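Some notes on the structure that comes next.
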Amino acid sequence: MKPVIYWVRRDLRLADNAALNAVLASGRPVIPVFINDALIDGLGAAAKFRFGEGLRVFATTLGVLGSQLVLRRGDALEVLRQLISETGAEAVYWNRLYDPAAKARDTEVKSNLKSIGIEARSFAGHLLFEPWTVETKTGGFYKVFTPMWKAVRSRDVASPVPAPSNVPAPAVFPDSDDLADWAMGAAMKRGANVLAPHMRVGEAAAQDRLAEFIEHKAANYPTDRDHPSVDGTSGLSENLTYGEISPATCWHAGWAAIHRGVSGAEVFCKELVWREFAYHLMHHTPHILDSNWKTGWDSFPWNTQDTPEVIAWKQGRTGVPFVDAAMRQMYVTGIMHNRGRMIVASYLTKHLMTHWRIGQAWFEDCLIDWDPASNAMGWQWAAGSGPDASPFFRIFNPVTQLSKFDPKGKYAPSWIAEGQGDPSATSLSYYDAIPLAWGLSQDDAYPEPVVGLAEGRARALDAYQARTA
Ligand SMILES: Cc1cc2nc3c(=O)[nH]c(=O)nc-3n(C[C@H](O)[C@H](O)[C@H](O)COP(=O)(O)OP(=O)(O)OC[C@H]3O[C@@H](n4cnc5c(N)ncnc54)[C@H](O)[C@@H]3O)c2cc1C
């Protein structure tokens, strides 16, 4: 039988993988292929590094089942056509992505392959609900989260399909690049070694994470999730973004816990729907990725330069402990607590009156859980320019927020070494992660605030009022 190419993208898993299951159901040999094209090459430093580690683990997982991950670099359509001619494959299957660049690429690939008689099929699996299947009563899309949550909360989501025990191989696998030659961690420089121990890579790690969360954290999740020094969330964003676990698997685990009386798991399911909401918005209004969702913000006098204050923000040196701790946490671990994300985004866009796109781009470079839809929605939410956004006049005070959500004062010292007699290991690891060119040392004095909180707040509110007057 002629083989089928399974085009691997953000679906580095065997379980609940619709495209892979469809090939297996056909009984034909499978050639799993990952293509390092412009969209992969253009990823931020941390995301690209993390993607490479995910590929390494997935290749091993496939190898255990007698299969092989074929790696090729180049334009996706050209690579696929080349592989079809090398292998005689008669079909290409993949799981869908939803950002405009991937959609444009995939549409071109599908129509071109069909035009040469190749069966080209795409499948759902990166989301719980295909964005076009969720509609308001009047037939539009949701612009506010809560009604969308109410609309999908009780929907049936197909049960996850277990991992196959066998992935039939072709008689011969085509040649593959060597993953090491792609050097996907190169842009991380010395930061890669610091970040690596904080990652939990691969499908087995993701499944363990989900099980640990449901067993130990879900009950207290509604309150713990807000406390940045408490390990109270699932940590699954890192795995969901590379598809190492399906959202349906998380959803079903959440609902099973709710049915066992763990009511806190409902908030977890609700958060999964925030991810869906972000995708829903990106599908219906793709400009959310690069322009103010509410065009009324186009005239707002944002700073768009890397000013000394913005550089201090990037380096975790604003002199505001919540902001600096969160920025350093991201630099060291590739992850930032959700409350930290809200605080640093509010501080950049309001106290520093800097365009949300500068923060969005910095997150894109530093996060291992970078997700185009959630990142854009999060930034526009914080800035006030997005749908269902935090109003601009609601300006988080990072000092009161820290004392409210970290009453024992643990979070800042775990990431800020300056001024501490016995700095924590995590705070010191920041100095091993950052570029030497930043010239920072733990012996530096902790900086004075780059802008007074009251002054920054007043300046932002004045600009806001001038805009709306
Ligand atoms: C400015 C800003 C930028 C953000 N950028 C990203 C990003 O690039 N990638 C990303 O995955 N999330 C992003 N988020 C959302 C959120 O901060 C993370 O999803 C969350 O911190 C991940 O931790 P967790 O997996 O432990 O989440 P949990 O609390 O365990 O939640 C479970 C899952 O629900 C989803 N989720 C939770 N909160 C949100 C949310 N606010 N928006 C969308 N989905 C959510 C995630 O998939 C998460 O893994 C951003 C938020 C803000 C305010």
Side-chain angles (χ1 to χ4, degrees), residues 10 43-44 46-47 50 99 126-128 145 148-149 198-200 206 209-210 212-214 216-218 220-228 230-251 253-254 257 264-282 288-289 313 323 326-327 329-330 333-350 356-390 396:
R10 286 183 177 265
L43 286 172
R50 177 60 179 79
D99 58 286
H126 197 57
L127 298 177
L128 292 168
F145 172 76
M148 173 158 160
W149 160 245
H198 295 281
M199 306 191 304
R200 289 182 70 177
R209 217 170 203 172
L210 177 63
E212 285 163 24
F213 172 75
I214 294 293
H216 302 296
K217 302 182 194 170
N220 294 328
Y221 177 73
T223 46
D224 282 358
R225 61 182 290 273
D226 262 328
H227 296 273
V230 175
D231 180 16
T233 67
S234 71
L236 282 163
S237 56
E238 173 190 352
N239 308 102
L240 282 164
T241 196
Y242 306 100
E244 292 169 346
I245 194 164
S246 73
T249 303
C250 301
W251 179 259
E266 180 156 355
V267 180
F268 172 67
C269 291
K270 202 170 178 177
E271 293 305 316
L272 291 171
V273 173
W274 270 105
R275 178 175 178 271
E276 299 289 314
F277 183 50
Y279 273 85
H280 185 76
L281 291 169
M282 182 172 70
I288 194 171
L289 296 182
W313 178 84
V323 174
M327 296 303 289
Q329 178 183 26
M330 176 167 72
T333 66
I335 290 289
M336 188 192 292
H337 191 275
N338 182 56
R339 178 120 321 247
R341 296 186 206 216
M342 288 158 60
I343 296 299
V344 305
S346 167
Y347 181 82
L348 184 75
T349 53
K350 295 175 180 175
W356 56 268
R357 291 210 65 193
I358 291 193
Q360 177 197 30
W362 187 248
F363 271 30
E364 183 169 346
D365 210 30
C366 298
L367 284 174
I368 56 169
D369 73 354
W370 175 72
D371 176 283
S374 299
N375 194 36
M377 180 183 73
W379 274 98
Q380 296 231 39
W381 178 88
S385 57
D388 204 3
S390 168
F396 284 121

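We count ligands from 1, going down the list as the structure has it; atoms in each ligand are counted the same way. The residues of the chain are indexed from 1 along the displayed sequence. Bear in mind the structure is a predicted one, so any value in this text is a computation, not a measurement.
Proximity of Ala382 to ligand 1 is not established, as no heavy-atom distance is less than 4.0 Å. Ligand 1 is never approached by Thr241 to a heavy-atom distance shorter than 4.0 Å.
A search for salt bridge (charged side-chain N to carboxylate O under 4.0 Å, His left out) contacts involving Arg209 returns Glu238, not counting sequence neighbours. Under the salt bridge (charged side-chain N to carboxylate O under 4.0 Å, His left out) criterion, Arg275 pairs with no residue, sequence neighbours left out.
The nearest non-hydrogen atom to atom 51 (C) of ligand 1, considering only Met377, Arg341, Gln380, comes from Arg341. Heavy-atom proximity to atom 29 (O) of ligand 1, evaluated over Tyr221, Phe213, Phe268, is greatest for Tyr221. Compare Ala218, Ala376, Gly378, Ser374 by their heavy atoms: the one nearest to atom 43 (C) of ligand 1 is in Ser374.
Atom numbering of ligand 1 starts at 1 in the shown order; those under 4.0 Å from a heavy atom of Ser237 are 11 (O), 22 (C), 23 (O), 25 (O), 49 (O). The contact set between ligand 1 and Leu367, taken as ligand atoms under 4.0 Å from a residue heavy atom, comprises 8 (O). Distances below 4.0 Å separate heavy atoms of Leu236 from the following atoms of ligand 1: 25 (O), 49 (O). Those atoms of ligand 1 with a heavy atom of Asp371 less than 4.0 angstrom away are 7 (C), 8 (O), 9 (N). Residue Asn338 approaches ligand 1 through these ligand atoms, each under 4.0 Å from one of its heavy atoms: 16 (C), 17 (O), 21 (O), 51 (C).
Ionic pairing of Arg50 and Glu244 is present here: one or more N-O contacts between side-chain nitrogen and carboxylate oxygen are shorter than 4.0 angstrom.
Using a 3.5 Å distance cut-off with no hydrogens or angles, the side chains of Tyr279 and Asp371 do pair a donor with an acceptor.
Counting only heavy atoms of the protein, atom 39 (C) of ligand 1 lies nearest to Glu271 OE1, 3.7 Å.
When only interatomic distances are considered, the shortest N/O to N/O separation between Met342 and ligand 1 does not fall below 3.5 Å. Considering backbone and side-chain N/O atoms, Trp274 never comes within less than 3.5 Å of an N/O atom of ligand 1. The N/O atoms of Thr233, backbone and side chain alike, include one that comes under 3.5 Å of an N/O atom in ligand 1.
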